Amino acid sequence: MATTQTVVLAERPKADVQPGKTFQMQPQKKLNKDDLKEGQALVEIIYLSLDPAMRGWLNDTRSYVPPVPIGGVMRGAVIARVVASKSSKYEVGCHVYAACGWREQAVVEDKDGDVQRLDVPKGGRLTDALGVLGMLFYAIITACDIM
């Protein structure tokens with residue numbers, strides 16, 4: 001069986017994140033178009049976000065979002081390329097910004113509000129969506145046709 005990798009929280013760090021202890025790679029069955037339902041697209045993750053807030057999500061404390069559970073996929077935004085689709089919104093080859101977490105592949109749905117198609121404007125780069133202004137950058141330059 002072909003597999004892909006997912007990064008899960010193995011244990012809560014007491015201080016610094018410990019390589020090989022805090023996170024664990026977990027194999028997942030590699031999906032294909034046959035695994036999709038109508039309104040879904042299979043994406044291959046190209047870039048993962050790495051944000052300061054993520055360190056707080058590792059703690060088992062009250063916050064604006066629940067902590068990442070032990071054994072849960074590390075939460076985070078990604079930029080991904082659609083590799084298979086049964087979606088009317090996302091065709092094969094297009095790029096999306098999504099909250100899929102740290103993994104190599106994921107299924108996104110048309111109805112999911114956390115998924116945005118990325119049409120890179122002239123002078124822009126895919127990675128701009130993960131920058132300090134993230135999707136706001138794309139919304140402004142697209143609306144104003146700045147680049």
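Model, not experiment: these values are computed from the prediction.
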Which atom pairs, one a donor and one an acceptor, fall under 3.5 Å between side chains of residues 56-63 and the rest of the protein, sequence neighbours left out?
unit_1, atom_1, unit_2, atom_2, d
W57, NE1, Y64, OH, 3.2
N59, OD1, R55, NH1, 3.0

What are the two closest heavy atoms between [X] and [Y], and how far apart are they?
X	Y	result
V120	L126	CG2-CD2, 3.7 Å
T22	P13	CG2-CD, 3.9 Å
A41	L36	C-CD2, 4.0 Å
L118	I79	CD1-CG2, 3.8 Å
D114	D112	N-OD1, 2.9 Å
P67	R12	CB-NH1, 4.1 Å

The criterion is side chain to side chain donor-acceptor pair (under 3.5 Å); which residues satisfy it with Q28, sequence neighbours excluded? Q26

Qualifying residues under side chain to side chain donor-acceptor pair (under 3.5 Å), relative to E91, sequence neighbours excluded: R117

What residues form a side-chain contact (heavy atoms from CB on, under 4.5 Å) with [X], not counting sequence neighbours?
X	value
Q105	T4, K30, L31, L42
A98	V78, C100, V108, V115
K21	E11, Q18

Supply the atom-to-atom distance K89 NZ to Q116 CD, rounded to the nearest 0.5 angstrom. 7.0 Å

In Å and rounded to the nearest 0.5 Å, what is the CD to NZ distance from E38 to K86? 6.0 Å

Qualifying residues under salt bridge (charged side-chain N to carboxylate O under 4.0 Å, His left out), relative to D35, sequence neighbours excluded: K29

Just by distance, do the side chain of D51 and the backbone of A53 share a donor-acceptor pair under 3.5 Å? no

Is a side-chain donor or acceptor of K33 paired with a backbone partner of A84 at a separation under 3.5 angstrom? no

Give me each pair satisfying side chain to side chain donor-acceptor pair (under 3.5 Å) with a member in residues 73-83, each pair once, sequence neighbours excluded. E44-R81

Give every residue pair that meets the salt bridge (charged side-chain N to carboxylate O under 4.0 Å, His left out) criterion with at least one member in residues 96-105, sequence neighbours excluded. none

Restricting to pairs with a member in [range], which pass ring pair (Phe, Tyr, Trp, His ring centres under 6.0 Å), not counting sequence neighbours?
range	result
residues 35-55	none
residues 67-91	none
residues 16-35	F23-W102

